[in-house]
Amino acid sequence: MMRLVLLGAPGAGKGTQAALIKERYDLAHVSTGDIFRENLKNSTPLGLEAKKYMDAGQLVPDETVMKMVGEKLAEFGADNGFMLDGFPRTVAQAEFLEGKTKLDGVILFNVSDEAIVKRLSSRAVCRSCGNVTNLAEHDKCPACGEELYVRDDDNEQTVRSRLKVFHEQTEPLINFYRERNLLHEVDAGQKPDEVFACVLKLLNHDKN
Ligand code: AP5
Ligand code: MG
C-alpha cells in the first residue's frame, strides 16, 4: 500500500505519523498545509491567498488546492509512492484525485475533539527543520536545537473552526473511501509510537 492518503481531523497526528512512515519507507510526503506555510514564508501570491483562509480556520478554495496538488503529482509522477497529508479534504478534491491516480489505501486517524484541542494548545514547530513537537516537553527543537514557533491557526478559537470544517466538509470522505474499500481506521488517541505500530501493521499486511 504505497499510494496513501492520511485522513484525519486537525491535530490528529497526520504530520507526526507521516514523518515516522517516511523514515521506514521512501515515500514522497505531500502536506498541503506545509506547502501553504512555505509559500507564505516566501510571500508568494499563493501563500498570501491561502493565509486569509488558514487564519480563519476555513478551507482554501478547491480550485487553488487542486491546481497545486496536480502540479505536485506531475512533478514526482502520480504512479510512484506518495503520502498525501491533508489532501483531499472535500469530495470535489477526492474526485479530482481519483481522476489522477489509483490509491492503494486511506488511513483514517480517529481522535476526539477534546483531545485535539488539548494537543494543539501546546503544539510547536521548528523554524529550521519543520519538526513537530510540543511546548509541554521542549523549549527548543529536540531534533536540531533551533527555535520553536506556534502556528497562527493553533489558538483555541481557530482550532474550533477547523474542527467544525472537518466535520462538515471532510468527514463525508470517510464514506467515500469506505465505499471504495480503501479505508483503514486507526485509534490515534494512543501514544505516537502505538499509533505508528498500528500503521505499520496495515502497511505490512497490505504488502503481503
Ligand atoms: P494543515 O497544515 O494540514 O493542518 P490540519 O489538517 O489542521 O492538521 P495539522 O497539521 O494541524 O495536524 P496533524 O494531523 O498534522 O497533527 P500533528 O502531527 O502536527 O492545514 C492547515 C490549513 O491549510 C487548513 O486549515 C486549511 O486552511 C489549509 N489547507 C490545507 N490543506 C487543504 C486542502 N486540502 N484544502 C483546503 N484547504 C487546505 O500533531 C499535532 C500535535 O499533537 C503536535 O504537537 C504533536 O506533537 C502532537 N501529537 C501527535 N500525535 C500524538 C499522539 N499520538 N499523542 C499525543 N500527541 C500527539
Ligand atoms: Mg500537519
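Quick note: residue numbers are just sequence positions, from 1. One-based numbering, in listed order, for ligands and for the atoms of each.
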Trainee: Do the rings of Phe76 and Phe82 sit parallel, tilted or perpendicular, given the 30° and 60° boundaries?
Mentor: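 Rings of Phe76 and Phe82: tilted, as their planes differ by 30° to 60°.
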Trainee: Counting only N and O atoms by type, is there a donor-acceptor contact under 3.5 Å from the side chain of Arg119 to the main-chain atoms of Ala12?
Mentor: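 Checked: pair present.
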Trainee: Under 4.0 Å between a Lys/Arg side-chain N and an Asp/Glu carboxylate O for Glu146 and Arg127?
Mentor: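 So Glu146 does not pair with Arg127 through a salt bridge.
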Trainee: Please enumerate all residues that pass side-chain hydrogen bond (donor to acceptor under 3.5 Å, both in side chains) together with Lys164, with sequence neighbours excluded.
Mentor: Glu168
Trainee: Testing the 3.5 Å rule here: is there a donor-acceptor pair between the side chains of Asp62 and Thr90?
Mentor: yes
Trainee: If you count only heavy atoms, which residues are under 4.0 Å from ligand 1?
Mentor: Ala9, Pro10, Gly11, Ala12, Gly13, Lys14, Gly15, Thr16, Thr32, Gly33, Phe36, Arg37, Met54, Gln58, Leu59, Val60, Val65, Gly86, Phe87, Arg89, Gln93, Arg119, Leu120, Arg123, Val132, Thr133, Arg151, Asp153, Arg162, Ala188, Gln190, Lys191, Pro192, Val195
Trainee: My understanding is that only one of Lys118, His167, Arg160 makes a side chain to side chain donor-acceptor pair (under 3.5 Å) with Asp113; could you say which?
Mentor: His167
